Amino acid sequence: MGKLALKDLNPQQRAAVTAPDGPALVLAGPGSGKTRVLTYRVAWLTLERSVPPGQVMAVTFTNKAAREMRERLQHLLGHARAGSLTLGTFHATCARILRREAKVAGIPRDYVIFDADDQRTLVRQVLRELDIDVKQYRPTAVHGAISRAKNELIPPEAYQPSSYFGEIVRRVYERYQERLRANGGLDFDDLLVETVRLFREHPEVLGRYQERYLHALVDEFQDTNMAQYILLRQLAARHRNLFAVADEDQSIYRWRGADYRNITRLREDYPDLAVYLLEQNYRSTQTILDAAQAIIRRNPNRTEKRLFTRRGTGLKVTVHEAYDQDEEARFVVNTIAELTLQGKARPGECAVMYRTNAQSRALEEAFLRAGLPYRLVGATRFYARREIKDLIAFLRLIHNPTDATSLTRIINIPPRGIGKRTLLALEEAARARGVPLWQIVEEVGTHQDTPLLGGRAQGAVTRLYRMVRGWIEAREGATVVQLMDQVLAETGYEAYLRDGTEEGDDRWNNVQELRAVAAEYAGLTLTDFLADVALVSDVDNLADGVDAPTLLTLHSAKGLEFPVVFITGLEEGLLPHSRSLDDPESLAEERRLMYVGITRARDRLYLTYAFRRVRYATSEPNAPSRFLEALPPHLTEGSRIRSGKRRVEQAIAWTTSWTPTATPSFTTGDRVMHRVFGRGVVLESQARGDDEEVTVAFETAGLKRIMGSYLTPAD
DNA sequence: TTAGTATTAATTTTT
DNA sequence: TTAATACTAA
């Protein structure tokens, strides 16, 4: 012993790290150093048990987690050994296996990965083909159902519809899968499904991997889905060295097919499973931990953990009621500014979390107005942006011309005279003859006499064909950047994007950014570039070293920690989200989401909610989240949380008394109430847009000019 | 037939 | 606020 220093670990952690061979499960609370345990376990296996790192597979939840883990292992093991470790997300690992085993798996070696956006496009296409009303059967809903089926490893032919909607799904699923294959594509879910299938149908291939991977380790096991679980079981069947780290209270991806009951399954499937507990929290103050416990304790069917910390009581949790999302944002920005000025925190130590990406806008505006920088995770994810998807579609087409989804995306971008009608004719011809769309384009482009199209359209298609043909020929010996430059130049994409508006310039900047990413791929092939681009998430690209607050959703906050955390929008309908109110399981997940958010905080926690919030472009009154009421009053300071029901009534009364027209609702002599300044009498009122400016003489604060929306009538 | 403009409807979370 | 669709001018 002694090659690896374990003295920094507590006894619980050390026991897990040095667990004997065999199946093991680490049940860990937040901030208990579970990722650390995982990392040390790998190092320990290598250094103390002489397991070659090449025979260890570790699966993380995000690429970022994988990268960080590799960096730490580079310190512990050295570059060479850390490099030979198989380390990545399920999806990335499967993508690599499928690429390697493409032939046996019956998958084209140069398959393209369809992301959620592509999947939805394809579903929409299929719905149109089957003459199904997209208004009645929403592509997102249908796609969700298909995705769920896939994650449960149910193929189209085994899909059992239990309703008419299910019947629609079954039909679409079948056709969708055909089209996907015809496009040479695998969607996100297929990466897992196809790997499981490969292993099932080809035991000799599975045998090789089973033999190779002496140890398999998984982080965030509570968020694995059925396919992922089966995959782990397949891989670990030979050596039975499966090491899983989980916290069922942090399971927040049920909607994506994740099933925390995999923890129970693991116990059942491996009766000799060794279970280790990590209960000491190294992150948060006791107050924050107590607040988190108060929330999560209300969830049924969970095993209570005794979380404790040695960090002391700490500060109270600040609860703040704002008038609307703008005032909420101002509160956040002001508080961060104050903390920074007082030297209590650096800007980069603060995080602002919210349930939905749409909430980031008001926050961004407040930061911009205050002239403070911020880092935004998600929102319009970089790789989901139109211009980026366009450019990638061009590259995908070069990579694999049969990818009809990419072809239809860019066939008329920038506009080149191939409109709806022409595209329809081409698609019709392709379908009729059962050949890829590209083949029709090729025929039109090479044979001059096609009865299919009119002269003008034929010319346009021919020009497109020749252009793409040229790129495909240039592909050999060209780097990704060179190809990209050629595409940009020949399509005139810059001129198309830069239409003189600021937005156009922004979009062009994004293209430049993608070009910069491609430049880093100097030695890599187009295939690698496309695979990587499809599998990165936004958190992965979160730049370190910028000292600015981070804005992110509660989901993307998983696995991170910050000294100062704001959770905003704690309102009924938002957190818990309105979509989850009717289902107890979903509601429990919302509570876990809140729990995850709270437990990201080390020292300071702010919980904010707004009285009114703009949703669907209209401002609506909101009641404070039920989760706030679960907080014991002795842990909090700031706004008192009033009962949700009463507030809704108040809000409704208030709304009806308020006329959004230019007619002032306050007149001289009215008695009014302000949250901060208290009671007062109106001296004068003037319309201001859809609000009004009211001059009020307050009893204590004196004469103030206030926007009418900040005032309530007092009797 | 295409391309640009108006309109209408919808809007959780992401590997 | 966006994205898909309907409408209109060229």
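These numbers were taken from a predicted model, which means no experiment stands behind them. Hydrogens, waters and symmetry mates play no part in the numbers below; they use all other heavy atoms, side chains included. Proteins come first, then strands; the chains are lettered A, B, ... in the order of their sequence lines, and each starts at number 1.
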- Between Phe188(A) and dT15(B), do the rings stack, that is, sit under 5.5 Å apart with planes less than 30° off each other? yes

- Euclidean distance for P, dA3(C) against dT14(B) (whole angstrom): 16 Å

- Message: Is the base of dT14(B) stacked against the aromatic ring of Tyr253(A), taking ring centres under 5.5 Å apart and planes under 30° as the test?
- Response: no

- Between Glu365(A) and Arg124(A), name the one whose nearest nucleotide on DNA chain C is closer to the 5' end. Glu365(A)

- To the nearest Å, give me how far apart CD (Gln325(A)) and P (dT1(C)) are. 11 Å

- Identify, with sequence neighbours excluded, every residue that meets salt bridge (charged side-chain N to carboxylate O under 4.0 Å, His left out) alongside Asp115(A). Lys389(A)

- Message: Cation-pi check for Phe114(A) against Arg396(A): NZ or CZ below 6.0 Å from the six-membered ring centre and within 45 degrees of the axis, yes or no?
- Response: yes

Grab the N/O contacts between the protein and nucleotides 1-5 of chain B below 3.5 Å, and write none if there aren't any.
residue : atom : partner   : partner atom : Å
dT2(B)  : OP1  : Gly419(A) : N            : 3.0
dT2(B)  : OP1  : Thr422(A) : OG1          : 2.3
dT2(B)  : OP2  : Arg421(A) : N            : 3.1
dA3(B)  : OP1  : Gly417(A) : N            : 3.1
dA3(B)  : OP2  : Asn412(A) : ND2          : 2.9

- Expected list for residues 138-153 of chain A near DNA chain B, using heavy atoms below 4.0 Å, is Arg138(A)

- Leu186(A) CG to dT15(B) P, in whole Å, measures 19 Å

Exercise answer: donor-acceptor pairs, residues 147-154 of chain A side-chain atoms, under 3.5 Å, sequence neighbours excluded:
residue   : atom : partner   : partner atom : Å
Ser147(A) : OG   : Asp189(A) : OD1          : 3.3
Ser147(A) : OG   : Asp189(A) : OD2          : 2.9
Lys150(A) : NZ   : Gln177(A) : OE1          : 2.9
Lys150(A) : NZ   : Asp187(A) : OD1          : 3.2
Lys150(A) : NZ   : Asp187(A) : OD2          : 2.6
Lys150(A) : NZ   : Asp190(A) : OD1          : 2.9
Lys150(A) : NZ   : Asp190(A) : OD2          : 3.2
Asn151(A) : OD1  : Asn225(A) : ND2          : 3.2
Asn151(A) : ND2  : Ser147(A) : O            : 3.2
Asn151(A) : ND2  : Arg256(A) : O            : 3.2

- Atom CZ of Arg120(A) to atom C1' of dT14(B): distance rounded to whole Å? 10 Å

- Message: If you assign Arg128(A) and Arg361(A) each to the DNA chain C nucleotide with the nearest heavy atom, which residue ends up on the more 5' nucleotide?
- Response: Arg361(A)

- Task: Quickly work out the Met594(A) CE to dT13(B) C1' distance and round it to whole Å.
- Result: 16 Å

- Determine: side-chain N/O of Asn357(A) to OP1/OP2 of dT14(B), distance under 4.0 Å, yes or no. yes

- Set of salt bridge (charged side-chain N to carboxylate O under 4.0 Å, His left out) partners for Arg302(A), sequence neighbours left out: Asp249(A), Glu304(A)

- Item | Rounded distance (Å) that lies between atom P of dT15(B) and atom CD of Gln228(A) | 12 Å

- Sequence neighbours excluded, which residues qualify as salt bridge (charged side-chain N to carboxylate O under 4.0 Å, His left out) partners of Glu590(A)? Arg355(A)

- Any idea which of dT11(B), dT15(B), dT13(B) is nearest the Thr89(A) side chain? dT15(B)

- Query: Which residue pairs pass the side-chain hydrogen bond (donor to acceptor under 3.5 Å, both in side chains) test when at least one of the two sits in residues 407-417 of chain A, sequence neighbours left out?
  - Reply: Asp390(A)-Arg409(A)

- Could I get the full list of side chain to side chain contact (heavy atoms under 4.5 Å, CB included) partners for Thr195(A), not counting sequence neighbours? Cys94(A), Ile97(A), Leu98(A), Phe199(A), Leu231(A)

- Task: Check the distance between dT13(B)'s C1' and Phe61(A)'s CZ and give it to me in whole angstrom.
- Result: 11 Å

- Query: Can you name the side chain to side chain contact (heavy atoms under 4.5 Å, CB included) partners of Trp255(A), sequence neighbours left out?
  - Reply: Tyr253(A), His555(A), Glu589(A)

- Does Glu194(A) come within less than 4.0 Å of Arg181(A), counting only side-chain N to carboxylate O? yes

- Spacing between Leu424(A) atom CG and dT5(C) atom P, to the nearest angstrom: 13 Å

- Just by distance, do the side chain of Glu561(A) and the backbone of Ala601(A) share a donor-acceptor pair under 3.5 Å? no

- Separation of atom CD in Gln359(A) from atom C1' in dT13(B), rounded to whole Å: 11 Å

- Message: Mind checking if Phe90(A) touches a base, just sugar-phosphate, or nothing, with heavy atoms under 4.0 Å?
- Response: nothing

